[in-house]
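Before any comments, here is the structure.
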Amino acid sequence: MTALPGETPGTVGTDTPQGAEPPAATDAEGPAHAEAPDATGAEAEAEEVDGTGEAGDAEETTEAGGTGDAQEAGETGEAGGDAPAGGASTGGETDAPTAAALSEAQAELAAQRALREKIAKRKAEKEGPVAAGTKLSGSAADLLAAVRAVESGEKAGTEFFDSPAAAPAPRRAAPAPAGQPPRPAPAQAAPVDRTASPEAVDAVRAVLTEGGAPEALALPATGTLGEQAAELLRADPWQLLALPGVRPEQADGFARALLGAACGPDDGRRTAALVGWLLERAALQGHTALDAEAVRAALAERAVSDPEEAVRNAVEEGVALVFQEGTDPTEPDAAYEEDGEAPAEAETGGEAPEPVQVLLGLDRYALAEESLADGLARLMNACEKGADWAEAAAAAPSPSAAELIRTAATAGLVAHSGGEAARAEPAALIAAARGLGLRALGATHSEDGRRRLAEAVGAPDAAVTLAGLLSGTEGPGRDEDGALALDLLVVLDAPQLDVEGAAVLVEALADGVRLVLSGDPGVLGSAGAGRVFADVLAARACPQVVSRTPDPGPIGELVSGIGIGELTQVEAPGKEVVIVPVRDAGEAVHRTVQLVADSVPRAFSIPAGDTQVITVGHGGAAGTRVLNEALKQRLNPGPGRFGGFDPGDRVIHVPAPGRAVPGVVRSADSEGLHLDCGGVPVVVPQERVESAVRHGWALSAHQAAGMRWPAAVVVLPGDAAAGLSRPWVYTAFGRGERHLSVVHGVDQALPHAVAQIPAQERTTRLRTLLEALPTPDAAS
C-alpha cells in the first residue's frame with residue numbers, strides 16, 4: 001500500500017456503460033435513477049419488462065408530493081402538476097434579474113394567467129380524430145397529475161388544462177408582506193389509489209398483444225394510465241412512452257402495429273409524447289427545463305420533419321411550458337402560439353439585443369420552482385428579530401458558529417456552507433435557539449446524519465430525518481393551521497434537496513419561521529431535478545455564512561484539496577489514507593473484498609460491517625452488483641432464501657426515489673422482509689422487495705451522500721474513468737471518518753477528473769426567479 005497519488009500515465013479504460021438510452025448506470029444518476037429492465041421493441045420479439053426501477057417502485061409516494069417511477073431509462077408522460085391560476089408559469093416568463101420591480105412581477109403573473117387561459121380555450125375548441133379525454137393531455141395526464149401532484153386536491157388534470165378555474169386557496173390565509181407578489185398554492189403529497197381492476201388489466205393486455213408489446217407491461221400501464229388505459233393506448237399508442245423503460249422506437253413499433261398507415265413520424269400524438277419524454281429524461285439528469293433548440297434538435301434526430309411545429313403543438317397540448325430567459329419581448333410566446341416560429345429579435349436601433357434563451361419545461365417542475373421561490377421570499381420578508389441572540393452568539397464554540405447565530409437572529413433565510421467539521425456550527429445554532437426557548441430543529445437526509453446531529457446538539461429530539469418530518473412520523477407535528485410547529489429549522493446536507501422536495505418543505509413552514517440551508521457545495525447534487533442549494537447561493541438573495549472551520553486530519557486535507565481541484569499527496573502516518581493499485585476490474589474486486597474482510601479490521605479494529613464500499617456505477621465488472629455479490633459470499637454466504645436475501649445481509653432500502661436507507665436483514669415472514677434501518681424496524685412487503693431492496697455492502701456515491709462510516713473503500717476500476725468528476729471524487733473520498741482506502745485502477749483519469757471535470761451544469765430557473773422577486777437587502 002502506498003500513499004496518494006503518484007501514478008504513471010496509462011491507458012484509461014472507457015468501457016463504463018453509458019450514453020445512448022437509457023443513460024449510463026453511473027453514480028451521476030443517483031439512487032433515484034437506477035437501472036431499469038430494457039423493454040423490447042413493440043414490433044419485434046417480446047421480453048418481459050418489470051416496469052419498476054432498481055431504486056424505487058412505481059407505486060411509491062415520494063417526499064416531493066406525489067408518486068414517481070424511479071428507473072434509469074427515464075420517467076415519461078405528461079406534466080401532471082396541478083397548476084393554480086396565477087401561480088404556474090406558461091409562456092413568456094420574464095425571469096431576468098432586472099425584473100424585480102413589483103409592477104413587473106404582477107404583470108408577469110397576469111401574462112402567465114392570460115396565456116394559460118388562451119391555450120386552454122384553444123384546446124377546448126380543438127377537434128381531432130381522438131375522442132375527448134383520450135389525448136395526451138386527457139385521462140393519462142389526469143392520473144399523472146394526481147401522482148405527480150404538487151397540490152393536495154383530488155382534481156383531474158383536465159380541470160387545469162381545459163379551464164382557467166382557480167386552484168384551491170393556500171392553506172394559510174396570512175397576508176403577504178407589502179411589496180411581495182402572491183405566491184402559488186402549496187405543493188403537497190397526494191396519495192393516489194392506483195389499484196387496477198382485473199378487467200382493466202386484461203383489456204390492456206389484449207391491446208398490448210395486438211400491438212406486439214410484452215404482456216408484462218399490462219399492470220404498469222394500468223397503474224400509470226388508469227382504468228381507461230386500454231382505450232387510451234388504442235387511440236394514442238404513444239401513451240406507451242409514459243411507462244418506465246419504454247423508448248421511442250418501441251412506442252413507434254407499437255403504434256404502427258395498431259394504427260398502420262394512419263400514423264407517421266409527424267403525428268401530433270407522437271411529437272407531443274416525444275417532447276414530454278425528452279423533458280422527463282432531462283429531469284433524470286437534474287434539469288428542470290431544457291433549451292428549446294436542444295429539444296428541436298432531438299426531435300429532428302427522431303425523424304420529426306418540423307420540430308418547430310412539434311414544439312408548438314406540445315405547448316398547445318399542455319405537455320410543455322415555454323419560458324423566456326433574457327430580453328423581455330413584447331409578445332413572448334406569440335410566435336409559438338401563431339406560426340410555430342421562435343420569438344424574433346426586437347429592433348434595438350442598430351445595437352445587438354441581449355440574447356433570449358427559450359426554455360421548455362414540465363408543469364410539475366415549473367410550479368415547484370415558482371412555489372419554492374415565492375416561499376423563500378415569504379420567509380425572508382416575514383422574519384422578525386424577536387429574542388436577543390447576543391449572549392448566545394458570545395457563547396458559541398467557534399467564530400463561524402457565532403457568525404451563523406448572529407446572522408440567523410436577523411434573517412428569515414440563511415445559506416450556510418462548509419465541510420464535515422462545519423456541521424458543528426448549525427448544531428450550535430440549534431442548541432442556542434433551544435436555549436432561548438424557541439422551537440428549533442435540525443433535519444437531515446439520512447438516519448446516520450440525524451444521529452450525528454443529535455449527538456452534536458446534545459438532545460435526541462433536536463434532529464429528525466427530512467422524510468420523517470414531512471410525513472409527521474418525526475418532529476413536533478403540525479399546528480392548527482397545518483404548518484410545522486417550529487420557530488427555526490436547519491436543513492443539513494442541503495445540496496441533496498431537489499426542487500419538488502424543497503417546495504413541499506418551504507410550504508410547510510409558517511410565516512416567521514427561520515430557515516437555514518446548510519451543506520457542502522462540493523458534494524454531488526440531488527438525485528432529483530433541480531439544484532436548490534446552488535441556486536440559492538448563486539442568487540445571493542439571502543445572507544450567506546461560509547464556515548472557516550477546516551476538516552481535520554489527512555482525509556480532511558485530501559478532500560479539501562479536491563474541492564479546489566487539486567489532488568495532493570498527503571502525509572498519513574497512521575495510514576488514514578491508503579492507495580491500492582490494481583491492474584484490472586477482477587483484481588479490484590479481489591482487493592476490495594480483502595480490504596473489507598481482513599486488512600481494515602486487522603489494522604484499525606474496524607469491523608467489516610462498519611466499512612462501506614463505494615464505486616462509480618451499478619453495472620460493469622466492478623460495479624455495485626458485482627461487488628455486492630462478492631462481498632456477500634465472503635461476509636454472509638447464504639442461499640438468499642428471502643427473495644435473494646439472508647439474515648445478516650447489509651441492504652439499501654429505497655422507500656421512495658432518491659432516498660437510500662441502509663439497513664440489515666433480520667428475518668422474513670408473511671408480512672414481508674424485516675429490516676433494521678439504523679435501529680428503526682422496517683417491514684418491506686413481499687411484492688416490494690424486488691424493487692425496493694438491494695444489497696448494500698457496495699453503494700454508489702449518490703447513495704452514500706449524507707452518510708459517513710468509520711472506514712470507506714472507494715473502488716476505481718479502469719472502466720469507471722468516464723464516470724469520474726470532481727464532485728464524485730469529493731463525495732466518495734469524504735465518506736470515511738477514520739480511514740480511506742482507494743482501490744485505484746484509473747491511472748491519470750483520477751487527477752484529471754479532479755482538476756478538469758467540475759459538476760455537470762443543470763438547467764434550472766430557480767436562480768432567476770429568486771433574483772426577480774422583491775426581497776430584503778441580501779448580505780454580501
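Each residue takes its place number in the sequence, starting with 1. What you are looking at is a predicted structure, and each value in this text was computed from that prediction instead of being measured.
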Flag side-chain contact, heavy atom, 4.5 Å: W697 against L627: no
On a heavy-atom basis, the closest approach of T764 and G530 is CG2-CA, 4.0 Å
If only atom types and distance count, is the side chain of D267 paired as donor or acceptor with the main-chain N or O of G264 below 3.5 Å? no
Over all atoms of both residues, closest heavy-atom pair of G620 and V626: O-CG2, 3.5 Å
Could you tell me which non-hydrogen atom of A368 sits nearest to which non-hydrogen atom of A503, and how far apart they are? O-CB, 3.6 Å
Between K632 and E629, does any NZ, NE, NH1 or NH2 come within less than 4.0 Å of an OD or OE carboxylate oxygen? no
Nearest 0.5 Å, please: how far is CG in L362 from CG in L321? 8.0 Å
Side chain to side chain contact (heavy atoms under 4.5 Å, CB included) between V207 and L258, intermediate numbers included: CA-CA 8 Å; V207 176; L258 290 181; 4.0 Å; yes
Without swapping roles, check the side chain of Q239 against the backbone of A273 for a donor-acceptor pair under 3.5 Å. no
With no hydrogens and no angle check, just 3.5 Å: does a side-chain donor-acceptor pair link S371 and E507? no
Is there a side-chain contact between P662 and R650 in this structure, where contact means two heavy atoms from C-beta onward sitting under 4.5 Å apart? no
Looking at side-chain heavy atoms only, is the closest gap between L675 and V665 below 4.5 Å? yes
D236 side chain vs L232 backbone, donor-acceptor pair below 3.5 Å: no
Determine, step by step, whether T465 and E447 satisfy the side-chain hydrogen bond (donor to acceptor under 3.5 Å, both in side chains) criterion, reporting the C-alpha distance in whole Å, the side-chain angles of both residues, the deciding distance to 0.1 Å, and the verdict. CA-CA 6 Å; T465 64; E447 177 61 28; 5.5 Å; no
When you look at V654 and V661, which way does the side chain to side chain contact (heavy atoms under 4.5 Å, CB included) test go after all the steps? CA-CA 6 Å; V654 184; V661 182; over 6 Å; no
Measuring only between side-chain heavy atoms, which start at C-beta, is W238 closer than 4.5 Å to L259? yes
Answer yes or no: is there a donor N or O on one side and an acceptor on the other, between the side chain of Q250 and the main chain of R247, under 3.5 Å? yes
Report yes if the distance between the aromatic ring centroids of F645 and H695 is under 6.0 Å, otherwise no. yes
For V246 and W277, work out which heavy atoms get closest and say how close. O-NE1, 3.7 Å
What one should report as the nearest heavy-atom pair of E369 and V499 is CG-CG2, 3.4 Å
What one should report as the nearest heavy-atom pair of L673 and F642 is CD1-CB, 3.8 Å
Nearest 0.5 Å please: distance from the CD atom of E500 over to the OG1 atom of T288. 10.0 Å
Hey, does the side chain of R270 reach the backbone of P265 with a donor-acceptor pair shorter than 3.5 angstrom? yes
Going by heavy atoms in the side chains, are I652 and V693 under 4.5 Å from each other? no
Looking at E690 and G643, would you say the former's side chain and the latter's main chain have a donor-acceptor pair under 3.5 Å? no
Tell me every residue that passes side chain to side chain donor-acceptor pair (under 3.5 Å) with S446, counting only those two or more places apart in sequence or in another chain. none
Check for a donor-acceptor pair, side chain of S700 on one end and backbone N or O of H618 on the other, with a separation under 3.5 Å. no
Side chain Q703, main chain A660, donor-acceptor under 3.5 Å: no
Spacing of L470 atom CG and L466 atom CG [to the nearest 0.5 Å]: 5.0 Å
Side-chain donor-acceptor pair under 3.5 Å between Q496 and S526, yes or no? no
D363 versus L367: any side-chain heavy-atom pair under 4.5 Å? yes
Test side chain to side chain contact (heavy atoms under 4.5 Å, CB included) on V275 and L299; report intermediate values, then the result. CA-CA 8 Å; V275 171; L299 291 172; 3.9 Å; yes
Atom pair CZ (R641) and CG (D646), whose distance is rounded to the nearest 0.5 Å: 5.5 Å
Does A221 offer a backbone N or O that forms a donor-acceptor pair with the side chain of T224 under 3.5 Å? no
Pairs touching residues 199-210 that satisfy salt bridge (Lys or Arg N to Asp or Glu O under 4.0 Å), sequence neighbours left out: D202-R205, R205-E215, E210-R234
Expected output: side-chain R625 to main-chain A621 donor-acceptor under 3.5 Å: no
Test item: L279 and Y365 side chains (from C-beta on) under 4.5 Å apart, heavy atoms: no
How far does CG of D498 sit from CZ of R531, to the nearest 0.5 angstrom? 14.5 Å
Give the intermediate values and the outcome of side chain to side chain contact (heavy atoms under 4.5 Å, CB included) for residues V664 and V651. CA-CA 6 Å; V664 177; V651 296; over 6 Å; no
Heavy atoms, side chains only, cut-off 4.5 Å: are N313 and E317 in contact? yes
Just how far is it from atom CG of L469 to atom CG of L505, taken to the nearest 0.5 Å? 7.0 Å
